[in-house]
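Just below is one structure, and these are the notes that go with it.
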2 protein chains.
Amino acid sequence: MTLPVNRTGSTKERILGAAETLFAQRGFDGASLRQLTSAAGVNLAAVNYHFGSKEKLVEQVFRRRLDTLNAQRLAALAKVAGQPDTRLEDVLDAFIRPALELSHEDEGSLFMRVLARAFAEHDDGLRKFLSENYGHVMRQFTAEFARLLPRLSKEELYWRIDLATGALTHAMSGFGIIQRKSDVSERAHREQTVQHLIRFAAAGLNAS
Amino acid sequence: MTLPVNRTGSTKERILGAAETLFAQRGFDGASLRQLTSAAGVNLAAVNYHFGSKEKLVEQVFRRRLDTLNAQRLAALAKVAGQPDTRLEDVLDAFIRPALELSHEDEGSLFMRVLARAFAEHDDGLRKFLSENYGHVMRQFTAEFARLLPRLSKEELYWRIDLATGALTHAMSGFGIIQRKSDVSERAHREQTVQHLIRFAAAGLNAS
DNA sequence: CGTATGCTCAAACGATCGTTTGAATCCTTC
DNA sequence: GAAGGATTCAAACGATCGTTTGAGCATACG
C-alpha cells in the first residue's frame, strides 16, 4: 500500500492535496496522519504545526475548495436571479457548472467525494461548520427556486431541492462520472454532463 | 457520551442492533467495538465470537436488512414487470415503498443512513460485497426501466438511474425525512413521502 | 452425578492512533 | 556573518483500536 509521494508546492499545500486524496479514498477517520504526511512527503508533526489538529485540517480542506466554488456559484446566480426571463435551467446551471469545473480540475472528482462523505457523516461538528460557513449559498438558491416555482408549497419545494441536491452530489462524487470520462473529449464531455444533470434536476423540480 | 443499553433479545441481535445505530451515527471506522458492545450490553469479545471479525459484522448488518428489503423489491417488481399497461411510477413504487417501510420500522431511518455511508465509502471490499450479493436487483430494475423508456440511449438511461437512486438514497437517509416526520400521522406521512419521491424520480427519468 | 458444549467474562496482546516535545536545520534580517 | 524566528525532524507520549486468550459459567445429555 505505497502511495506516490507529492514533491511540489509548499508543505501546507502538499498536506492539503494529500488530505483531499486520502479523505476521498478512506474517509476522515480512515485516513491517518501517518499515511497522509507520508503521501505528502512531509514530517508527521507538520500537520499539527501548520493546522493545529487533524480536525482543523479537515476544515481547511473544505475551505480551500468551497470558498471559490461558492463564490462562483453566487456570481453565476447573481446574473440570473430576479430577472423576468430567467428559466429554471439557468439557476441550475449556476449551481452545477462551477462544481463540474472543479471536478475536472482535480482528477477523479476527489473533492466532490470528500463532500459526499461529509453529507453522509452525521457528525455535528462538521455539519455545523459547513452550515455556518456556506449555508447562505443554499439559502439564496432556494429563494430563487421559490420565485421560479411559485405553485409549489414550501414543503414541496424543500423536498424537491433536497432530492435534486442529493442527485447532483451523488452523480458528481460517485462512480458515474469517472466511468463515462473515456470516449469524449474533456470539454465536450463536461458540457454534456452539465446538460444531463440540468435536464434531470429541472424535470424533477418541475414535476406534475 | 453514555448511550442507552439494550437489554432485549439474543446477544447476536443486540450486537446487530447496536451496530446499526452506531454505524449510522459514527461510521464503520468511527464506531469502535468497545462503544458497540457497551451499548449492546454484551462483552467485548462477543463480536469476534459470534461474527468472527468487525468486517464480517458489518456485512451481517447489511445482510439482515437487505435480504428482506430486496426480496420485497423484487416481489413488487415482478407484479408489474413486462406488463403492457405498467407505468414508470409503478416500477418506482416497487423500488421505493419497501425501503420507506423499512425506514419507518427502525426509528430514524438508521439502516438507510448506514447504506448511504456505504455508497460514500469507496472501500473496495464493501462495494464488492454489495455488488456481488445485491447487484442483480438493480439489474432487474434497470431492465424494466429500459423497457418503459425505449427512447433513451443506454448511456442516458444509466445517467438517469444513477441520478434517481442518488436522490432517493439521499432523501431516505438524510436529514429530510426525520425533519418532516412531525406534523403528519405515520401512515399518511409515509404515503405522502412515497408520492413525493415517485413524482420527482419519474419526472427526472422521463425528462425532455 | 459427571461431563461435554455453548457462551460469557476480565485481562492482556501488539498495533496504530493523534499529539507533543526538544533539538536540529533553514532562512531572513540586520 | 551573527542573531533569531520559522520550519522540519526523529522520537516518544498516553490513549484507543481490533483481536486473542484461558478461565469461568451455564444448560443439556449420557
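Residue numbers start from 1 in every chain, and the chains themselves are labelled A, B, ... in the order their sequence lines are given, proteins ahead of strands.
Between C:dC17, C:dA11, C:dT19, one nucleotide has an atom nearer to the side chain of B:Leu44 than all others, and that is C:dA11. Taking only side-chain atoms of A:His50, from C-beta outward, the nucleotide of D:dT8, C:dC17, D:dT19 with the closest atom is D:dT8.
Summarising the geometry, the separation between CG on A:Asp29 and C1' on D:dG18 is reported as 15 Å, rounded to the nearest angstrom. Rounding to whole angstrom units, CZ of residue B:Arg34 and P of D:dC17 are separated by 6 Å. Atom CD1 in A:Ile15 sits roughly 11 Å away from atom C1' in D:dT7 (whole-Å rounding). When rounded to the nearest whole Å, the span between CD of A:Gln35 and C1' of C:dA15 equals 13 Å. Atom CG of A:Asn48 is separated from atom C1' of D:dT8 by 14 Å (rounded to the nearest Å). A:Phe51 places its CZ atom 11 Å from the P atom of D:dT8, with the value rounded to the nearest Å. For the pair A:Glu13 CD and D:dT7 C1', the computed distance is 17 Å after rounding to whole Å. Across the protein-nucleic acid pair, A:Lys56 atom NZ and C:dG18 atom P stand 16 Å apart, rounded to whole Å.
Residues A:Gln72 and A:Arg97 bring no donor and acceptor atom of their side chains to less than 3.5 Å of each other.
In this structure, B:Arg160 is not positioned above the aromatic face of A:Phe200 in the sense of NZ or CZ being under 6.0 Å from the six-membered ring centre and within 45° of the axis.
Distances shorter than 4.0 Å separate some side-chain N or O of B:Asn43 from OP1 or OP2 on C:dA10. Between C:dC7 and B:Thr11, no contact under 4.0 Å exists linking OP1 or OP2 to a side-chain N or O. Using a 4.0 Å cut-off, no side-chain N or O of B:Ser32 falls inside it from OP1 or OP2 of D:dT16.
Ring pair B:His196/A:Trp159 is parallel by interplanar angle, where below 30° counts as parallel and above 60° as perpendicular.
Summary of the strand contacts: A:Ala45 and B:Tyr49 both lie near DNA chain D, and taking for each the nucleotide with the nearest heavy atom, the more 5' one is attributed to A:Ala45.
Counting only distance, with no hydrogens or angles, the side chain of B:Glu89 and the backbone of B:Ile198 share no donor-acceptor pair below 3.5 Å.
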